[in-house]
Number of protein chains: 2
Amino acid sequence: MGEAATAMDEWTERQKDVLDAVLDLLVTGGDAVTTAAIARKANCSKETLYKWFGDRDGLLAATVRWQASRVRAGNFDAQHLDASQLRESLEAFAVNWLSVISSRTSIALNRVGISHAGSGKSGLGRMVLANGRFAIGERLKPLLEAGRANGLLAFDDTETAFRTFFGLVGRDVQIRLLLGDRLETTEAEIARDAARATQQFFALYGAPQTQKPLQGRI
Amino acid sequence: MGEAATAMDEWTERQKDVLDAVLDLLVTGGDAVTTAAIARKANCSKETLYKWFGDRDGLLAATVRWQASRVRAGNFDAQHLDASQLRESLEAFAVNWLSVISSRTSIALNRVGISHAGSGKSGLGRMVLANGRFAIGERLKPLLEAGRANGLLAFDDTETAFRTFFGLVGRDVQIRLLLGDRLETTEAEIARDAARATQQFFALYGAPQTQKPLQGRI
DNA sequence: AAATTTGTGTACCGTACGGTACGGTTCGGA
DNA sequence: TCCGAACCGTACCGTACGGTACACAAATTT
């Protein structure tokens with residue numbers, strides 16, 4: 001993850017403004033995201049767009065990376081954690097993740113990536129995946145493993161444990177939103193769902209009272 | 001759900017052939033699904049396409065309904081079920097659902113629905129949702145409630161219980177496939193995941209030994 | 001058998017959009 | 001003050017594609 005900051009300084013301020021304009025257009029699903037509309041919204045010429053970003057797909061890819069570069073939430077320092085710290089961290093992760101996938105920005109970018117994946121060119125899809133599903137995985141796994149090291153969680157495969165957490169948190173929210181379902185995702189609702197998912201996760205992967213993790217769990 | 005069979009006899013055999021051609025083109029993501037390509041593949045004229053289905057969106061909507069009409073798996077007759085029957089039924093549901101969302105057909109149709117949802121017109125998205133997420137929900141809920149009535153499951157809200165099962169089964173599979181991730185979904189893998197999800201669901205919602213459902217569970 | 005219907009195949013039209021060219025303007029450096 | 005680079009705004013080009021028109025064949029009706 002050495003290139004964490006590349007997208008931050010890869011472009012000038014003016015260029016970031018352009019990328020923000022693209023995001024604005026993507027999120028406001030009303031009108032199509034044509035190069036002409038982007039240029040109009042960003043008060044720049046189409047020629048400049050192509051000079052800076054190559055072609056339309058390059059511009060969209062840059063937009064995905066730009067958005068991803070400023071979503072990175074602070075990593076959790078997870079040494080010497082006790083049960084309540086772990087629970088709070090997991091719940092915070094769940095809240096963050098639910099907030100992200102419920103945001104209009106995430107919905108729009110995922111739609112773009114999915115559309116591109118359906119058109120053969122899989123670059124954007126992989127990029128969205130890397131900055132969404134896989135980024136959250138890499139950030140969460142250390143916490144899970146710290147929990148296991150401290151005898152709070154019991155699992156064999158970190159990936160499986162993470163995917164279970166992912167499923168318990170996300171459930172059907174993302175696919176429903178992507179398909180246009182009006183799903184109220186208030187802050188209170190998200191907090192409640194995050195708490196429920198965390199509780200369920202502990203019910204499945206919480207270590208028994210003894211400090212040593214139990215073998216043979218899934 | 002009285003209109004279960006409408007899409008089956010709404011079209012003539014010839015028209016169903018056309019819809020199958022559309023499905024073929026959608027699944028074979030190589031070339032774009034233009035009306036010209038559809039007409040060529042179906043050996044019919046574009047004029048006939050428009051006469052039968054109105055416009056391109058109508059054709060896509062008909063295709064979604066046509067595919068949905070023949071996916072309906074047999075409902076489970078769930079009276080007097082014991083624990084192993086319930087487990088088997090849930091596992092069968094999970095296998096079926098994982099097979100569906102892993103199929104190229106489902107991926108293609110969901111991509112179309114999502115693209116349309118991103119373009120304002122939400123008709124196709126809602127249709128895919130109704131025949132996917134919500135159809136499986138309506139089919140599974142009776143089984144869950146039968147399990148509760150027989151003292152095998154304990155939950156207050158059927159919808160919440162179902163969504164948990166949905167999350168445990170689907171996890172990150174659908175979004176990864178939609179975004180173009182190569183994810184091996186062999187039959188064996190699906191069977192293993194279905195068994196794991198079912199086991200986890202029982203761990204969360206299985207009633208304690210006493211026949212009476214325990215109150216206060218989530 | 002003539003007429004009507006139904007459908008195929010091809011040609012055509014209008015528009016939207018990605019990409020390019022170019023004149024005009026601003027701005028920093030010599 | 002002059003020059004060149006960067007950039008804006010607009011006009012333009014080519015193509016792809018949704019939708020329509022039309023000529024012709026097959027089938028069905030009368």
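All chains are named by letter (A, B, ...) in the order of the sequence lines, taking the proteins before the strands, and each is independently numbered beginning at 1.
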**Request:** Send over the distance from B:Leu49 CG to C:dT6 C1', rounded to a whole Å.
**Result:** 15 Å
**Results of salt bridge (charged side-chain N to carboxylate O under 4.0 Å, His left out) for B:Arg70 - residues two or more places apart only** = B:Asp20
**Prompt:** Any side-chain N or O of B:Thr48 less than 4.0 Å from the OP1 or OP2 oxygen of C:dG7?
**Reply:** no
Using atom names, set out every protein N or O paired with an N or O of nucleotides 9-18 of chain C below 3.5 Å, distance rounded to 0.1 Å.
{"unit_1": "C:dG9", "atom_1": "O6", "unit_2": "B:Glu47", "atom_2": "OE1", "d": "3.4"}
{"unit_1": "C:dG18", "atom_1": "OP1", "unit_2": "A:Arg56", "atom_2": "NE", "d": "2.9"}
{"unit_1": "C:dG18", "atom_1": "OP2", "unit_2": "A:Thr35", "atom_2": "N", "d": "2.9"}
{"unit_1": "C:dG18", "atom_1": "OP2", "unit_2": "A:Thr35", "atom_2": "OG1", "d": "3.2"}

**Complete:** B:Lys51 atom NZ is separated from C:dT8 atom P, nearest whole Å, by 10 Å
**Request:** Please work out if B:Arg40 contacts a base, only the sugar-phosphate, or nothing of the nucleic acid, heavy-atom cut-off 4.0 Å.
**Result:** nothing
**Prompt:** Are more than 12 heavy atoms from other residues, nucleotides or ligands located less than 6.0 Å from atom CD of B:Glu159?
**Reply:** yes
**Distance test, side-chain N/O of B:Trp52 to OP1/OP2 of C:dT6, below 4.0 Å** = no
**Closest non-hydrogen atom pair, A:Ala36 against A:Lys46** = CA-CD, 4.1 Å
**Asked** NZ of A:Lys41 versus P of D:dC8: gap in Å, rounded?
**Response** 17 Å
**Prompt:** Do A:Asp193 and A:Arg171 meet the salt-bridge criterion of a basic N to acidic O distance under 4.0 Å?
**Reply:** yes
**Request:** Please report, rounded to the nearest Å, how far the P atom of D:dC8 is from the CG atom of A:Asp17.
**Result:** 11 Å
**Request:** Report yes if a side-chain nitrogen or oxygen of A:Arg14 is closer than 4.0 Å to either non-bridging phosphate oxygen (OP1 or OP2) of D:dC8; otherwise report no.
**Result:** yes
**Asked** In terms of ring plane angle, is the pair B:Phe165 and B:Phe201 parallel, tilted or perpendicular, where the classes change at 30° and 60°?
**Response** perpendicular
**Complete:** Across all chains, not counting sequence neighbours, the side chain to side chain contact (heavy atoms under 4.5 Å, CB included) partners of A:Arg126 are A:Ser122
